[in-house]
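Read through the structure below, which is laid out as structure tokens, and then see the notes.
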Amino acid sequence: MAPAASKLRAREGLGALPPRALAQYLRLLRLYPVLTKAATSGILSALGNFLAQMIEKKREKENCSQKLDVSGPLRYAVYGFFFTGPLSHFFYLFMEHWIPSEVPLAGVKRLLLDRLLFAPAFLLLFFLIMSFLEGKDAAAVAVQIRRRFWPALCMNWQVWTPAQFVNINYVPLQFRVLFANLVSLFWYMYLASLGK
């Protein structure tokens, strides 16, 4: 009887884990918004690169037990922590104050600002920072940007426009970076595949 009761208590404890984790995340988000969003961005960016490597290994029918390139997730973690999280946090705040909800067509104006100004600048920053972290010289960076920027921007507009429409118009401000991070899991998998 006692082992069954302890199993039941253990199961109940595991069932309470997601609500406790969410409560802790919300507390950290309230106390340390930029740091929490930076850490979340770093972790999910690294995970996106890790998943891209796993998919690439499966696609090439390689042995998945072979070593993964740990420098890739590390670079993505650095980029997510120092750039994606903080910049996104302040961009969403800026957008909220610059184009308040009361402005006519606020959602459309915010989306256009995001898609036509923020997206190209952020993507260019991504290529520059990643190239720097990979140790590429200026000539290699210029070649990479000339070759990959436009296709990546076109894909960005396709993938992110509906996601950002939902994010900007329906997701509460404090969760917009998290929502974008979840979409970024797949987006960073795509960007990592461009490096192949």
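The analysis underlying the following values was restricted to heavy atoms, covering all of them including side chains, and did not include hydrogens, waters or symmetry mates. Predicted, not measured: the structure shown is a model, and the values here were computed from it.
Panel note: side chain Asn167, backbone Ala163; no donor-acceptor pair is recorded below 3.5 Å. Remark: the backbone N or O of Leu28 is paired with a side-chain donor or acceptor of Thr36 at under 3.5 angstrom.
Between the OH atom in Tyr92 and the CD atom in Gln164 there is a gap of 3.5 Å [rounded to 0.5 Å]. The structure places NZ of Lys37 at 14.0 Å from CZ of Phe81, a figure rounded to the nearest 0.5 Å. Rounding to the nearest 0.5 Å places CG of Leu29 at 8.0 Å from CG of Leu178. Atom-to-atom distance recorded for Arg75:CZ and Met130:CE is 7.0 Å, nearest 0.5 angstrom. Phe118 contributes atom CZ, which lies 11.0 Å from atom CZ of Phe94 (distance to the nearest 0.5 angstrom). Here CD1 of Ile168 is found 10.5 Å from CZ of Phe179. Values are rounded to the nearest 0.5 Å.
When hydrophobic clusters are built by joining Ile, Leu, Val, Met, Phe, Trp and Tyr residues whose side-chain heavy atoms come closer than 4.5 Å, directly or via intermediates, Ile43 is not grouped with Leu35. Val166 is not connected to Leu112 by any chain of hydrophobic side-chain contacts under 4.5 Å among Ile, Leu, Val, Met, Phe, Trp and Tyr, and they are in different clusters. With hydrophobic clusters built from ILVMFWY side chains whose heavy atoms lie under 4.5 angstrom apart, Phe132 shares a cluster with Ile129. Both Phe127 and Val159 are members of a single hydrophobic cluster when ILVMFWY side chains are connected at heavy-atom separations under 4.5 Å. Under the 4.5 Å side-chain heavy-atom criterion for grouping Ile, Leu, Val, Met, Phe, Trp and Tyr, Leu173 is connected to Val171 within one hydrophobic cluster.
The side-chain heavy atoms of Leu128 and Ile145, taken from C-beta on, include a pair separated by under 4.5 Å. Put simply, the side chain of Phe175 reaches to within 4.5 Å of the side chain of Leu26, judged on heavy atoms. Leu125 is listed as a side-chain neighbour of Leu87, based on a closest heavy-atom distance under 4.5 Å. The closest side-chain heavy-atom distance from Phe82 to Pro86 is not below 4.5 Å. Annotation: side chain of Met155 is not in contact with side chain of Trp160 (no heavy-atom distance under 4.5 Å).
Contact detail for Leu44 and Leu185: the closest heavy-atom pair is O-CD2, 3.4 Å. Taking every heavy atom of both residues into account, Ser101 and Ala106 meet most closely at O-CB, 3.9 Å. Nearest heavy-atom pair, Val177 versus Ser41, reported as atom, atom and distance to 0.1 Å: CG1-OG, 3.8 Å. Closest non-hydrogen pair, Pro73 versus Gln53, comes out as CD-NE2, 3.2 Å. Phe149 approaches Leu124 most closely through the heavy-atom pair CE1-N, 3.7 Å. Pro120 and Arg115 get closest at one heavy-atom pair: CD-O, 3.4 Å.
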Is there a side-chain contact (heavy atoms from CB on, under 4.5 Å) between Val143 and Arg146? Walk through the geometry before answering. CA-CA 5 Å; Val143 168; Arg146 269 197 306 274; 3.6 Å; yes
Please evaluate residues Val108 and Phe165 with respect to the criterion side-chain contact (heavy atoms from CB on, under 4.5 Å), reporting the C-alpha separation (whole Å), side-chain torsions for both, the decisive distance (0.1 Å), and the verdict. CA-CA 8 Å; Val108 173; Phe165 177 80; 5.5 Å; no
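The list of salt bridge (Lys or Arg N to Asp or Glu O under 4.0 Å) pairs with a residue in residues 85-100, not counting sequence neighbours, reads Glu96-Arg110, Glu96-Arg176.
Between the side chains of Thr40 and Asn181, no donor-acceptor pair is found at a separation under 3.5 Å.
Around atom CH2 of Trp157, more than 12 heavy atoms belonging to other residues, nucleotides or ligands sit under 6.0 Å away. Within a 6.0 Å sphere centred on CZ of Phe50, other residues, nucleotides and ligands contribute 12 heavy atoms or fewer. For Tyr32, the OH atom sits in a loose shell: 12 or fewer heavy atoms of surrounding residues, nucleotides or ligands are nearer than 6.0 Å.
Note: Phe126 and Tyr76 meet the aromatic proximity criterion, with ring centroids under 6.0 Å apart.
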